[in-house]
Amino acid sequence: MRPDNDTFLKALLRQKCDYTPIWLMRQAGRYLSEYNATRAKAGSFMKLAQSPDLACEVTLQPVERFKLDAAILFSDILTIPDAMGLGLSFVAGEGPKFAKPVRSEEDVKVLHVPDIDQSLRYVTDAVRTIRKALHNRIPLIGFSGSPFTLACYMVEGGSSKDYRNLKTMMYTRPELLHRLLDVNAESVTAYLNAQIESGAQAVQIFDTWGGTLSEPSFKEFSLRYIEKIISGLHKTFDGEPVPVIVFTKGADQWLELIAHCGAQAVGLDWTSNLARARSRVADCVALQGNLDPMVLFGSEERIREEARRVIDDYGVVGHGGHVFNLGHGINQFTPPEAVEILVDEVHRYSRDFHR
Ligand code: CP3
C-alpha cells in the first residue's frame, strides 16, 4: 500500500508531484540531542543498532521534528561485515574498527554470505517495527553499502586516507578482491531483499568510496557489482515498485555509466551541477541531491538562498524527478534549527516547479 505522503516515491519514479520531496542522508544522528540520549541509554552504537525498538525510536526522531518526506532505517552499512564475523566496534572519535581485517588469501577464503535470518535478524525486525510505528505516513528507505565500499572497510580494518591495503590487493591480487566483492554482492542482494520483504519501500546503495578509483577500476571493481545487485533485487513488492537509489560520492564524471546501472535514481554530491547532470541523464533516472551539508552552518538567509539555487538548477520538473538531499551525510555539529529552515524552504519554493 502506498504511504499517505508518497511524494518521495513518485519523485523517484519520475511521476508528477506537488512539490520536491526532501530527506537527509544521516538524518538520524548525533546532531540531535534526543539521538544522543537514546544512544546513551543503549550503551553503544552497536547496541543501539541491534535493538529494534531503540533503532525504531531514533529512526522516528528526525521525522517527528521535521516535515521530512521519507524515513531511513537506522542501522549501518558495516552490519554485513560484522555478520561475516569480522568483529565490528566503534571507538569514540576514531570511527569503525574491525578486529579481523581481510588481508590474506586465507582471510578471503573463509568469508561467506551471512544467514540474514540469523545474524541480521535485528535489521529486518527493526524494519518491521519502524513500518508499524510510521502508520504509513511516509515511506521507509532501506540501505546497504556497495560491495566496493564495504571491501574498503573490510580490507583496511577501518577508515583510511589512502586505501593502501585495499589498493595493494587490487593491484597485486585482483582475483582475491573479485572473490571478496562477489561474496559482498551476494550478501548485499540477500540483505536488501530481506529489507524489502520486511517493509522497506525504496533502497539506497551507498558507494561512498567508489569515487577514489580510476574510471576502468570503478567499472571493474565497483559499478559491475552494483549492477549485479540491482539485477537480483525485487523489482516490486506487495504490488508496488521498489525504487533503487545509487549514491557514489565524487562520481560526476561517470554519471552516464551510473545512470544505466538499473537504478531508478542517482544521488549526487555538491560538486555536481544539477542542470548539467539532468541534461545528461534525466531521460532515464531521477536525481537526488545535492546541497553542500556545510550550508547548514550558514545564516538563515544563506540556507534559503542555497536551497533555492539547487531547486533552480534542477529546473521545472515536468517529466523529471528530483529528490532534495544533502550531497553527503549531515555533519554532527549541525544546528537542528538549520534543518527546519531547509525543509521549509524546499517545500515552499519548489511548488512552482511542479505545475
Ligand atoms: O541516514 C541515517 O540516518 C541512517 C543511518 C546511517 C548510519 N550510517 C548511522 C550511523 C546510515 C545510512 C549510515 C551509512 C554509513 N555508515 C556509510 C555510508 C554513508 C556515508 O556517510 O558515506 C558509511 C561510510 C558508514 C560507516 C560508518 N558508520 C562510519 C565511517 C562511522 C563513524 C564515523 C561517523 O561519521 O561518525 C559510522 C558510525 C555511525 N553510523 C553513526 C551513525 C549515526 C555515528 C556513530 C555514533 O552514534 O557514535
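Sequence positions, counted from 1, serve as the residue numbers for this chain. Both ligands and their constituent atoms are indexed starting at 1 by order of listing. A quick note: this is a predicted structure, and the numbers were derived from the prediction, not measured.
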Requested in this report: Compute the shortest N/O to N/O distance between Ala28 and ligand 1 and return yes if it is under 3.5 Å, no if not.
Outcome: yes
Query raised in the report: Is the closest heavy atom of Gln204 to ligand 1 under 4.0 Å?
Result: no
Report summary line: To atom 24 (C) of ligand 1, the nearest of Trp23, Trp209, Tyr153 on a heavy-atom basis is Tyr153
**Report entry** Option set Asp269, Ile330, Asp76, Val91, criterion heavy-atom distance to atom 27 (C) of ligand 1, minimum
**Finding:** Asp76
Query - Within-shell test, Phe247 vs ligand 1, heavy atom, strictly < 4.0 Å - result: no
Report summary line: heavy-atom search around atom 20 (C) of ligand 1 in the protein gives His328 NE2, 3.2 Å
Report summary line: Under 4.0 Å between heavy atoms, the region of Leu48 that gets near ligand 1 turns out to be neither
**Report entry** Proximity of Phe206 and Phe143 rings by center, below 6.0 Å
**Finding:** yes
Query raised in the report: Considering Ala55, Pro96, Gly95, which one's heavy-atom position lies nearest to atom 30 (C) of ligand 1?
Result: Pro96
Query raised in the report: Nearest to atom 23 (C) of ligand 1, what protein heavy atom do you find, and at what distance?
Result: Ile77 CD1, 3.4 Å
Report task. Give a yes or no on whether the ring-centroid distance for Tyr19 and His354 is below 6.0 angstrom. Result -> no
Query raised in the report: Looking only at non-hydrogen atoms, which of Ala71, Ser75, Gly29, Ala49 approaches atom 9 (C) of ligand 1 most closely?
Result: Ser75
Query - Sub-3.5 Å N/O-N/O distance, Arg26 and ligand 1 - result: yes
**Report entry** Pick from Arg39, Arg30, Gln332: the one approaching atom 48 (O) of ligand 1 most closely through a non-hydrogen atom
**Finding:** Arg39
Report task. For atom 38 (C) of ligand 1, find the nearest protein heavy atom and state the residue, atom name and distance (0.1 Å precision). Result -> Phe90 CE2, 3.3 Å
Query raised in the report: Can a non-hydrogen atom of Gly329 be found less than 4.0 Å from any atom of ligand 1?
Result: no
Query raised in the report: Considering only protein heavy atoms, which is closest to atom 11 (C) of ligand 1, and at what distance to one decimal place?
Result: Phe143 CZ, 3.6 Å
Query raised in the report: Can you check whether Tyr349 and Phe353 have ring centres sitting under 6.0 Å from each other?
Result: yes
